[in-house]
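Structure incoming, see below.
The chain is numbered in sequence order, starting from 1. Start at 1 and go down the list; that is how both ligands and their atoms are numbered.
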Amino acid sequence: MSSAADSAYDVVVIGAGLSGMYQLHRLRELGLRVRVFEAGADVGGTWYWNRYPGARFDSESWTYGYSFSDELLREWEWSEHFAAQPETLRYCNFVADTLDLRRDIEFGCRIRSAAYDEARSEWEIEIEDGRRARARWLITAIGPLSAPTMPSIPGVDTFRGEAYHTGTWPHRPVSFAGKRVGVIGTGATGVQTITEIAKTVGHLTVFQRTPNWCAPLHNGPIDAATQTRIKATYREIFAICRESFGCFIHQADPRHALEVSPEVREAFYEKLYREPGFGIWMGNFRDILINQEANATITEFMRRKIRERVRDPRVAETLTPTNHGFGTRRVPLESGYYEVFNQPNVRLVDLRETPIERITPAGVKTTAAEHALDMVIYATGFDAITGAFDRIEFRGRDGRRLRDKWVDGPRTYLGLQIEGFPNLFTLVGPHNAATFCNIPRCIEQNVEWVTALIRHMREKGHTRVEATAEAEPGWTGHVLDIGRPVPFTQVSSWLTGINSNLAGKQRRTFVVYAGGAPKYRERCDEVAAGGYVGFTFQ
Ligand SMILES: Cc1cc2nc3c(=O)[nH]c(=O)nc-3n(C[C@H](O)[C@H](O)[C@H](O)COP(=O)(O)OP(=O)(O)OC[C@H]3O[C@@H](n4cnc5c(N)ncnc54)[C@H](O)[C@@H]3O)c2cc1C
């Protein structure tokens, strides 16, 4: 493909994951000249980068794909209820081919900075290789989980064996057979990686700082009859997702946890524990995530499950969270995770008792011992939601830096626009319902809303749009108010802006909109129907 940088466009989109791909498709329909710049060598975003062993959905595959195109829905078949990464990456490629997206995407281009040029009412974008592009509108599709972080441990560069971060996993096969492997991190990614490599590893050491409440995934193949049923009922499936809090297929049970007898409650929890996906989290009693007492009942149930599945009571205790209730952090879904710790060749190291002092040339040294390793895997996750923004130097009107504006936490209007940064839209950005969502469902809403706003501007002859100085604190205050009583906003996790590996990310902020996708959509629709209330146009 010829280089199209150093050029002018109507719209520049940064990122070619599911958000950027769909945004490109929609803007083309408006007849706009669009260019997408993507750091990776191909489409797919999350599914391009995260090739670690065991990487797969926790959304049901058939609820995750794009819903906007009957052709895509008809032509694509998911093989499993929770597809593995290679299949999802194939899906992204299938979409790019079907919609002929690649001709407007430039790969291997990491955007370093973006500055608003007031005189020309345009954004000037600079790529890391020094090339530039200009556009009237700038849309970030840079992902909520796309800025990998390493742990802040000394000596990381001194290790002589193989070392990998799960979020930048190599594009070649990696063998674990006969090797002594250490995994640092036990979030959703760590749980998937550990379970998969335990099947072939020589010896595995799991370094755990914070245990999570994990629930069974219960994945399985999609048989022909189910495939036919899914295809015939896509509209109903997406309608259910649309009305549920996080756009998953699971709808909260209308009962409160404490209004039923302990026996009924126990039987319900058992049923959910045997069912696939996030049902136990999203399809549970309606109050388990908002009422501490209700939450304590499911937390106790999950505690018992860990004890039942892990033979050594001390190991079970170490794997049991003590600082948060079930569901108040994102729930890792697992396929035999707890049983891994019954294997004789697997050892769990509790970093709260014996923290890592340093990575040495030979392995990992904790305060208690040096663990000799052939391979270290960093499953240490991402600088979530705001990380990819921090890695780009955004300058808005009057040279204002976004990083300075957000130093005490994000401030946005609808999680899609920022006062002082005209014509910039932030798909799946902070304060947006999309970050706590079966994400493509919310991506479609974000993209369609932004596309409609750009269409509106063109119809009215506007060249510039910006959130007002009143609308932004209004929305930001609303995000804080709606978040305050919800238990998950009172727990340290990436959903509350905490990353213990990063300076400046130790204080809880409200980075997600906790009111649920339906309410969020309603608010966005009201703003649009009112002629884009809270925005100024020129
Ligand atoms: C391992 C893993 C499993 C997940 N599973 C699920 C799931 O089951 N269900 C679910 O709903 N969500 C899941 N997610 C969340 C997932 O990120 C979203 O579902 C979705 O892929 C987000 O799409 P996106 O296009 O917004 O962002 P991404 O897919 O992250 O794409 C962003 C793109 O922007 C590019 N980019 C970033 N910064 C720059 C820059 N400066 N210059 C150029 N390019 C840049 C990146 O290279 C990337 O390709 C998972 C995430 C991970 C990491």
Check: R242 main-chain N/O paired with R521 side-chain donor or acceptor under 3.5 Å
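Such a contact is found between R521 side chain and R242 backbone.
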
For ligand 1, note which part of A55 has a heavy atom under 4.0 Å away: side chain, backbone, both or neither.
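Contact part for A55 vs ligand 1: neither.
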
Judged on heavy-atom distance to atom 47 (O) of ligand 1, which of E38, E128, R330 sits nearest?
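Considering heavy atoms of E38, E128, R330, the nearest to atom 47 (O) of ligand 1 sits in E38.
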
Could you identify the single nearest non-hydrogen protein atom to atom 11 (O) of ligand 1 and state the distance to 0.1 Å?
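It is I439 N, 2.8 Å.
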
Please could you name the atoms of ligand 1 that F57 approaches to less than 4.0 Å, counting only its heavy atoms?
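With F57 as reference, the close atoms of ligand 1 come out as 8 (O).
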
D58, I127, N438, V428: member with heavy atom nearest to atom 7 (C) of ligand 1
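When every heavy atom of D58, I127, N438, V428 is considered, D58 comes closest to atom 7 (C) of ligand 1.
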
Among all protein non-hydrogen atoms, which one is nearest to atom 23 (O) of ligand 1, and what is the separation to 0.1 Å?
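For atom 23 (O) of ligand 1, the nearest protein heavy atom is I443 CD1, 3.8 Å.
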
Output yes when E75 and K231 qualify as a salt bridge under the 4.0 Å nitrogen-oxygen rule, no when they do not.
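No salt bridge links E75 with K231.
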
Return the closest protein heavy atom for atom 31 (O) of ligand 1 as residue, atom name and distance.
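The closest heavy atom on the protein side is G45 CA, 3.5 Å.
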
Just to be sure I read this right, does ligand 1 sit under 4.0 Å from the backbone of N50, its side chain, both, or neither, counting only heavy atoms?
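Just the side chain.
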
Could an N or O of ligand 1 be found under 3.5 Å from any N or O of T189, whether backbone or side chain?
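Looking only at distances, the answer is no, because the N/O contact criterion of under 3.5 Å is not met.
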
Partner residues of S79 under the side chain to side chain donor-acceptor pair (under 3.5 Å) criterion, sequence neighbours left out
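Checked S79 against side chain to side chain donor-acceptor pair (under 3.5 Å); matches are E87.
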
Check step by step if ring-ring contact (aromatic ring centres under 6.0 Å, His included) holds for F57 and W47.
CA-CA 10 Å; F57 279 145; W47 309 106; 5.2 Å; yes

Which of the atoms of ligand 1 are close to F382, meaning less than 4.0 Å from one of its heavy atoms?
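This gives 53 (C) as the contact atoms.
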
Check if F82 has a non-hydrogen atom at a distance under 4.0 Å from any atom of ligand 1.
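Heavy atoms of F82 never come under 4.0 Å of ligand 1.
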
Side chain, backbone, both or neither: I111 near ligand 1, heavy atoms under 4.0 Å
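Both backbone and side chain of I111 come within 4.0 Å of ligand 1.
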
What pair of heavy atoms forms the shortest contact from S244 to A517, and how long is it?
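Scanning both residues completely, I find the closest heavy atoms to be O-CB, 4.4 Å.
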
Is R56 close to ligand 1, meaning an N/O of one under 3.5 Å from an N/O of the other?
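Looking only at distances, the answer is no, because the N/O contact criterion of under 3.5 Å is not met.
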
Y164 ring center near Y378 ring center (under 6.0 Å)
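Not under 6.0 Å, so no.
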
Just jot down the ligand 1 atoms closer than 4.0 angstrom to any heavy atom of L18, in number order.
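It comes down to these atoms of ligand 1: 25 (O).
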
Considering residues at least two apart in sequence or located in another chain, which fulfil the side chain to side chain donor-acceptor pair (under 3.5 Å) criterion with T140?
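Result, side chain to side chain donor-acceptor pair (under 3.5 Å) vs T140: none returned.
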
Can you confirm whether or not the ring centre of F421 sits under 6.0 Å from the ring centre of Y116?
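Between Y116 and F421, which both carry aromatic rings, the centre distance is not below 6.0 Å.
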
Ion pair present between E126 and R131, side-chain N to carboxylate O less than 4.0 angstrom?
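Salt bridge flag = no for R131 with E126.
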
Carboxylate-amine/guanidinium proximity below 4.0 Å for D404 and R395:
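Judged by the 4.0 Å cut-off on N to carboxylate O distance, D404 and R395 do not form a salt bridge.
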
Starting from atom 2 (C) of ligand 1, which protein heavy atom do you reach first, and at what distance in Å?
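Nearest protein contact, heavy atoms only, for atom 2 (C) of ligand 1 is T46 CG2, 3.9 Å.
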
Please report whether the ring centroid of H165 lies less than 6.0 Å from that of Y52.
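No, ring centres 6.0 Å or more apart.
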
Return the residue, atom name and 0.1 Å-rounded distance of the protein heavy atom closest to atom 26 (O) of ligand 1.
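Result: S19 OG, 2.7 Å.
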
Can you find a protein heavy atom closer to atom 14 (N) of ligand 1 than 4.0 Å?
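Within 4.0 Å: no protein heavy atom nearby.
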
Provide, to 0.1 Å, the distance between atom 20 (C) of ligand 1 and the closest protein heavy atom, together with that atom's residue and name.
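The protein heavy atom lying closest is Y64 OH, 3.4 Å.
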
Counting from 1, what ligand 1 atoms have a heavy atom of S146 closer than 4.0 Å?
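Near S146, meaning under 4.0 Å from one of its heavy atoms, ligand 1 has 30 (O).
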
Please could you name the atoms of ligand 1 that G143 approaches to less than 4.0 Å, counting only its heavy atoms?
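Listed by number with element, the hits are 26 (O), 27 (O), 28 (P), 30 (O), 32 (C).
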
For ligand 1, which atoms have a heavy atom of I392 less than 4.0 angstrom away?
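It comes down to these atoms of ligand 1: 41 (N).
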
Options V36, I14, I142, ranked by nearest heavy atom to atom 38 (N) of ligand 1, top entry:
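Heavy atom nearest to atom 38 (N) of ligand 1 belongs to I142.
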
Subset of ligand 1 atoms that lie under 4.0 Å from at least one heavy atom of C109
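That gives atoms 42 (N), 43 (C) of ligand 1.
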
Measure the distance from atom 34 (O) of ligand 1 to every protein heavy atom, then report the residue, atom name and distance (to 0.1 Å) of the closest one.
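Result for atom 34 (O) of ligand 1: G15 CA, 3.3 Å.
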
Sulfur to sulfur, is the gap between C437 and C442 shorter than 2.5 Å?
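Bridged: C437 to C442.
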
I want to confirm something. Looking only at heavy atoms, which of F37, Y52, Y22 is nearest to atom 1 (C) of ligand 1?
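Selected option, by shortest heavy-atom distance: Y52.
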
Among protein heavy atoms, which sits nearest to atom 4 (C) of ligand 1, and what does the distance come to when rounded to 0.1 Å?
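Looking only at protein heavy atoms, the one closest to atom 4 (C) of ligand 1 is W47 CH2, 3.6 Å.
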
Within-cut-off N or O pair, S59 and ligand 1, under 3.5 Å:
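Yes: some nitrogen or oxygen of S59 is under 3.5 Å from one in ligand 1.
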
Looking at W475 versus Y513, is the centre-to-centre ring distance below 6.0 Å?
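Yes, the ring centres sit under 6.0 Å apart.
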
Which segment of C437 sits under 4.0 Å of ligand 1 when only heavy atoms are counted
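The part of C437 near ligand 1 is the backbone, not the side chain.
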
Backbone or side chain, does any N or O of A39 fall under 3.5 Å from an N or O of ligand 1?
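N/O-N/O distance under 3.5 Å: yes.
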
Under 3.5 Å between some N or O of ligand 1 and some N or O of A16?
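In this structure, A16 places no N or O atom under 3.5 Å from an N or O of ligand 1.
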
Taking NZ, NE, NH1 and NH2 as the nitrogens, is one of them in E38 or R110 under 4.0 Å from a carboxylate oxygen of the other?
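The answer is no: the pair does not qualify as a salt bridge.
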
Nearest heavy-atom neighbours spanning W78 and I222:
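Minimum heavy-atom contact is O-CD1, 3.5 Å.
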
State whether Y413 and R411 meet the cation-pi test: NZ (Lys) or CZ (Arg) under 6.0 Å from the six-membered ring centroid, and within 45° of the perpendicular axis.
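Judged by the rule (NZ or CZ under 6.0 Å from the ring centre, within 45° of its axis), R411 is not positioned above Y413.
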
Carboxylate-amine/guanidinium contact D97 R102, below 4.0 Å:
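Judged by the 4.0 Å cut-off on N to carboxylate O distance, D97 and R102 do form a salt bridge.
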
Quick one: does ligand 1 sit under 4.0 Å from the side chain of A141, the backbone, both or neither, non-hydrogen atoms only?
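For A141, the contact with ligand 1 is made by the backbone alone.
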
Would you call K405-E419 a salt bridge at under 4.0 Å N-O?
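Here K405 pairs with E419 in a salt bridge, since their nearest N and O are under 4.0 Å apart.
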
Proximity flag A147 to ligand 1, non-hydrogen atoms under 4.0 Å
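So A147 does not count as touching ligand 1.
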
